[in-house]
Amino acid sequence: MFSRLGKFGVAVTVASSALVLVTGTVSHALPDTTGTAVVARPPVTVPSPPPYKQLALKTLDQVVKGNFVAVSARFDDSIRQEGNPAVLANAWKEYQDQLGFGRYQSHGAPRQVVSGDRTVVDIPLRMAKQPGDFRVVFDGKGHIEGLWFLKKGVPVP
């Protein structure tokens with residue numbers, strides 16, 4: 001079974017009311033009643049999260065096609081050593097052959113759950129002998145933190 005190491009990164013943002021950093025250019029300044037300049041702040045752009053369901057479907061497609069190098073290239077540092085292409089290929093083969101699920105037939109619609117700072121996507125699998133689930137865990141940048149081939153219905157921890 002392919003597993004993920006228990007390493008997670010934590011980002012901490014510290015704000016101080018005494019210090020304000022302004023980047024970019026000042027487009028205009030308006031004097032206030034005290035004669036000091038009021039600077040208009042540039043708009044803040046918040047990046048949209050990666051499309052996790054689509055990333056999970058792409059990952060499953062690459063697994064089914066045997067493109068394990070492409071999948072492992074998206075692993076984060078915590079599983080890169082454990083999850084090399086050969087390990088992933090063996091896990092997929094074992095899931096189908098030795099664990100009795102049979103060959104991949106098709107899949108259903110992905111289900112997405114946010115768990116802390118990670119996004120978990122489960123894709124139901126229709127296999128030749130019994131149904132299963134494909135689970136991928138993504139960090140906030142879309143890197144793969146974990147990947148599992150599961151029995152149907154294993155709950156998200």
Side-chain angles (χ1 to χ4, degrees), residues 1-17 19-24 41-157:
M1 184 70 86
F2 186 75
S3 62
R4 176 185 68 65
L5 296 177
K7 297 180 183 177
F8 298 101
V10 177
V12 178
T13 303
V14 178
S16 169
S17 60
L19 177 64
V20 177
L21 298 177
V22 179
T23 59
R41 292 185 185 189
V44 176
T45 305
V46 177
S48 60
Y52 297 109
K53 288 182 182 179
Q54 289 79 12
L55 287 172
L57 288 167
K58 180 179 180 179
T59 302
L60 176 60
D61 183 56
Q62 290 171 327
V63 166
V64 169
K65 290 178 178 177
N67 193 351
F68 304 110
V69 172
V71 174
S72 63
R74 293 200 329 270
F75 288 165
D76 75 351
D77 292 337
S78 70
I79 66 167
R80 186 156 289 143
Q81 292 301 318
E82 181 184 351
N84 63 58
V87 170
L88 183 56
N90 288 336
W92 180 236
K93 182 173 175 28
E94 180 181 337
Y95 183 73
Q96 293 180 93
D97 298 339
Q98 296 168 0
L99 296 177
F101 285 86
R103 295 281 175 222
Y104 170 84
Q105 302 293 310
S106 65
H107 63 271
R111 299 176 308 270
Q112 179 174 308
V113 176
V114 176
S115 178
D117 60 348
R118 300 170 311 201
T119 301
V120 180
V121 180
D122 280 352
I123 302 174
L125 300 176
R126 194 176 116 226
M127 305 297 284
K129 296 181 181 177
Q130 64 176 312
D133 280 327
F134 176 71
R135 178 171 294 162
V136 187
V137 179
F138 295 101
D139 66 13
K141 296 178 182 176
H143 297 120
I144 298 172
E145 287 187 349
L147 185 153
W148 294 271
F149 307 110
L150 303 168
K151 289 183 178 181
K152 183 138 186 83
V154 174
V156 174

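Counting from 1, the numbers follow the sequence of the chain as shown.
Partners of Arg80 by salt bridge (Lys or Arg N to Asp or Glu O under 4.0 Å), not counting sequence neighbours, listed by chain and number: Asp77. With sequence neighbours left out, Arg135 forms a side-chain hydrogen bond (donor to acceptor under 3.5 Å, both in side chains) with Asp122. Residues meeting the salt bridge (Lys or Arg N to Asp or Glu O under 4.0 Å) test with Asp61, sequence neighbours left out: Lys65. Annotation: side-chain hydrogen bond (donor to acceptor under 3.5 Å, both in side chains) contacts of Thr59 (sequence neighbours excluded): Arg74. In this structure, the side-chain contact (heavy atoms from CB on, under 4.5 Å) partners of Gln54, at least two apart in sequence or on a different chain, are Pro51. Contacts of Ala73 classified as side-chain contact (heavy atoms from CB on, under 4.5 Å), with partners at least two apart in sequence or in another chain: none. With sequence neighbours excluded, the residues that form a salt bridge (Lys or Arg N to Asp or Glu O under 4.0 Å) with Lys93 are Asp97. Partners of Val69 by side-chain contact (heavy atoms from CB on, under 4.5 Å), not counting sequence neighbours, listed by chain and number: Asn67, Pro85. In this view, Ser106 and Arg126 satisfy the side-chain contact (heavy atoms from CB on, under 4.5 Å) rule, not counting sequence neighbours. Residues that satisfy the side-chain hydrogen bond (donor to acceptor under 3.5 Å, both in side chains) test with Gln96, not counting sequence neighbours, are absent from this structure.
Pairing each heavy atom of Val121 with each of Pro110, the nearest pair is CG1-CB, 3.7 Å. The nearest pair of heavy atoms linking Ser115 to Val120 is CB-CG2, 4.3 Å.
A 4.5 Å side-chain heavy-atom check between Pro124 and Arg111 finds at least one atom pair inside the cut-off. Between Leu125 and Asp133, the closest side-chain pair of non-hydrogen atoms is not below 4.5 Å. Side-chain contact between Phe138 and Leu55 is present, with heavy atoms from C-beta onward closer than 4.5 Å. Residues Thr119 and Val137 are not in side-chain contact: their nearest non-hydrogen atoms beyond the backbone lie 4.5 Å or more apart. Looking at Val63 and Val71, their side chains come closer than 4.5 Å, going by heavy atoms from C-beta outward. Residues Trp92 and Leu147 have side chains not in contact (no heavy-atom distance under 4.5 Å, counting atoms from C-beta outward).
Rounded to the nearest 0.5 angstrom, Asp139 CG and Ser78 OG are separated by 8.5 Å. Of the inter-residue distances, the one linking Phe75 atom CZ with Asn84 atom CG reads 8.5 Å to the nearest 0.5 angstrom. Here the straight-line distance linking atom CZ of Arg103 with atom NZ of Lys129 works out to 9.0 Å at 0.5 Å rounding. Distance check: Leu57 CG to Phe134 CZ gives 9.5 Å after rounding to the nearest 0.5 Å.
The environment of NZ in Lys152 is crowded: more than 12 heavy-atom neighbours from other residues, nucleotides or ligands sit within 6.0 Å.
In terms of modelled atom types and a separation under 3.5 Å, the side chain of Gln62 and the main chain of Phe68 share no donor-acceptor contact.
Residue pairs meeting the ring-ring contact (aromatic ring centres under 6.0 Å, His included) criterion with at least one partner in residues 96-127, sequence neighbours excluded, are Tyr95-Phe101.
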Candidate pair Asp76 and Ile144, rule side chain to side chain contact (heavy atoms under 4.5 Å, CB included), full reasoning: CA-CA 6 Å; Asp76 75 351; Ile144 298 172; over 6 Å; no
Full working for side chain to side chain contact (heavy atoms under 4.5 Å, CB included) between Leu88 and Phe149: CA-CA 10 Å; Leu88 183 56; Phe149 307 110; 4.0 Å; yes
